[in-house]
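Below you'll find the structure, written out as structure tokens, and then a few comments.
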There are 2 protein chains.
Amino acid sequence: MTAVSTAPEAFPGDLQVHPAARLRSILDSVAAEDGSLPPLNDELIRALRLPDDLPETLGIGEVAEITGITAHTLRYYERIGLVDTGRDASGRRIYDREALGRVAFVTWLRLSGMPIAAVSRYVELVKAGPQTQDERLGLLLDQRAAIVAQLRDLQGALAVVDYKITTYGGSCGA
Amino acid sequence: MTAVSTAPEAFPGDLQVHPAARLRSILDSVAAEDGSLPPLNDELIRALRLPDDLPETLGIGEVAEITGITAHTLRYYERIGLVDTGRDASGRRIYDREALGRVAFVTWLRLSGMPIAAVSRYVELVKAGPQTQDERLGLLLDQRAAIVAQLRDLQGALAVVDYKITTYGGSCGA
DNA sequence: GCTTGCCTTCGAGCGCACTCGAAGGCCTAC
DNA sequence: GTAGGCCTTCGAGTGCGCTCGAAGGCAAGC
């Protein structure tokens with residue numbers, strides 16, 4: 001896994017491709033210089049919970065800016081039940097820390113390729129109470145396996161692309 | 001990157017999710033026991049070129065079975081110009097080694113998240129001749145960067161999911 | 001001859017995940 | 001008071017990548 005260290009730029013312009021660019025930049029901040037990532041550490045978890053110097057509550061525009069997810073999409077997520085928010089006196093959405101955490105969590109799941117239906121199911125289970133823990137764990141384990149499979153696919157694709165790059169000029173076949 | 005070694009099964013049943021399941025199983029055959037992958041080696045490349053004990057030419061049904069891509073999708077790929085094939089006397093598609101190699105290559109690119117439009121562009125450039133090598137290399141480098149970014153995203157998601165699994169029972173937020 | 005089965009083309013349809021536009025409300029600044 | 005800006009809801013539209021069905025051809029086997 002050689003160079004391509006585009007690390008310095010904190011907020012790349014590919015929002016269309018990856019709505020969670022900003023979350024990724026948060027992840028970047030806890031990643032090592034060589035691009036490797038801690039498998040699981042407190043710093044990362046704290047990053048997920050988002051910085052402490054944020055205001056107590058945020059408007060949808062601020063959440064959009066922080067997470068890189070459009071306000072339209074945030075409303076869509078709420079409409080389909082993925083994230084609940086409060087409202088102020090004039091009916092505007094209020095995101096507190098917990099709501100922001102949910103947005104972040106949902107975004108990570110989506111980023112890992114989990115279909116919205118599955119995320120939705122998970123959120124439903126959480127709302128349903130503690131007796132659903134087994135099924136929730138099952139969903140997470142399934143998703144973990146899916147992530148591992150994707151990692152393997154991507155490593156294979158990386159090998160193929162690297163081969164093409166090193167021998168580039170060859171034909172399309174193989 | 002701990003266990004979840006579902007390695008033994010050669011042909012998992014998730015064709016819908018990953019049309020390239022069989023290609024992945026070929027990749028598996030060159031992967032180490034612990035799931036790690038060689039970044040780039042001759043064996044993998046040979047695997048991409050597909051086994052030597054295949055018939056010289058294949059029908060679309062055979063290609064579908066080998067690659068895990070449906071005949072419908074193979075026809076679609078041909079229709080949009082991603083893969084050319086020959087025809088027999090009665091108009092049926094004939095896939096030779098080269099065509100099979102192209103199917104495999106295209107599948108790897110798709111698996112890495114490259115949009116069809118970009119794959120299409122790449123194939124066009126190959127057809128256009130050697131003077132397009134620079135642009136081809138550019139496309140490949142872009143895709144390499146995209147793969148690396150995806151790997152990072154997935155590793156982050158894996159960390160988040162692992163955190164949830166190890167602390168499971170918690171709320172949905174964070 | 002007739003069935004079976006795999007193939008052909010063409011065009012339409014589908015599922016997912018947004019994405020956008022219209023029409024309007026509320027608050028602040030000038 | 002009015003303009004600007006950010007917000008609201010609702011429903012429709014978009015783009016991607018398949019996915020499918022219909023209608024029919026061709027060759028082998030009974």
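The model shown is predicted, which means the values in this text are computed figures rather than measured ones. Within every chain, numbering begins at 1; the chains are lettered A, B, ... in the order of the sequence lines, protein sequences first and strands thereafter.
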Checking B/S120 against B/L82 for the side-chain contact (heavy atoms from CB on, under 4.5 Å) test, could you report, in this order, the C-alpha distance in whole Å, the side-chain angles of both residues, the deciding distance, and whether it holds?
CA-CA 6 Å; B/S120 192; B/L82 293 195; 3.9 Å; yes
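- Under a 3.5 Å cut-off, the side chain of B/R136 and the backbone N or O of B/L140 do not form any donor-acceptor pair.
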At under 4.0 Å between heavy atoms, how does the protein contact nucleotides 6-11 of chain D? Give one character per nucleotide, 5' to 3', with B, S or -.
BSBBBB
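- The distance between atom OH of B/Y76 and atom C1' of D/dG17, rounded to the nearest whole Å, is 5 Å.
- Contacts of A/A128 classified as side-chain contact (heavy atoms from CB on, under 4.5 Å), with partners at least two apart in sequence or in another chain: A/T132.
- Qualifying side-chain contact (heavy atoms from CB on, under 4.5 Å) partners for A/A71, counting only residues two or more places apart in sequence or in other chains: A/I60, A/R75.
- With sequence neighbours excluded, the residues satisfying side-chain contact (heavy atoms from CB on, under 4.5 Å) with B/R121 are B/E124, B/L125, B/E135, B/L139.
- Contact check, B/Y77 against D/dC18: a side-chain N or O comes under 4.0 Å of OP1 or OP2.
- Summarising the geometry, the separation between CG on B/D88 and P on D/dG25 is reported as 17 Å, rounded to the nearest angstrom.
- If you measure from atom CD1 of B/I80 to atom P of D/dG15, you get 17 Å, rounded to the nearest angstrom.
- Residues A/V161 and B/L141 form no side-chain contact, since every pair of their non-hydrogen atoms from C-beta on lies 4.5 Å or further apart.
- Looking at B/Q150, its side chain does come within 3.5 Å of a backbone N or O of B/S112 through a donor-acceptor pair.
- Between its opening and closing five pairs, the helix from C/dG1-D/dC30 to C/dC30-D/dG1 changes axis direction by 10°, a value rounded to 10 degrees.
- For B/E78, the side-chain contact (heavy atoms from CB on, under 4.5 Å) partners are B/T85, B/R87, B/R93, B/Y95, not counting sequence neighbours.
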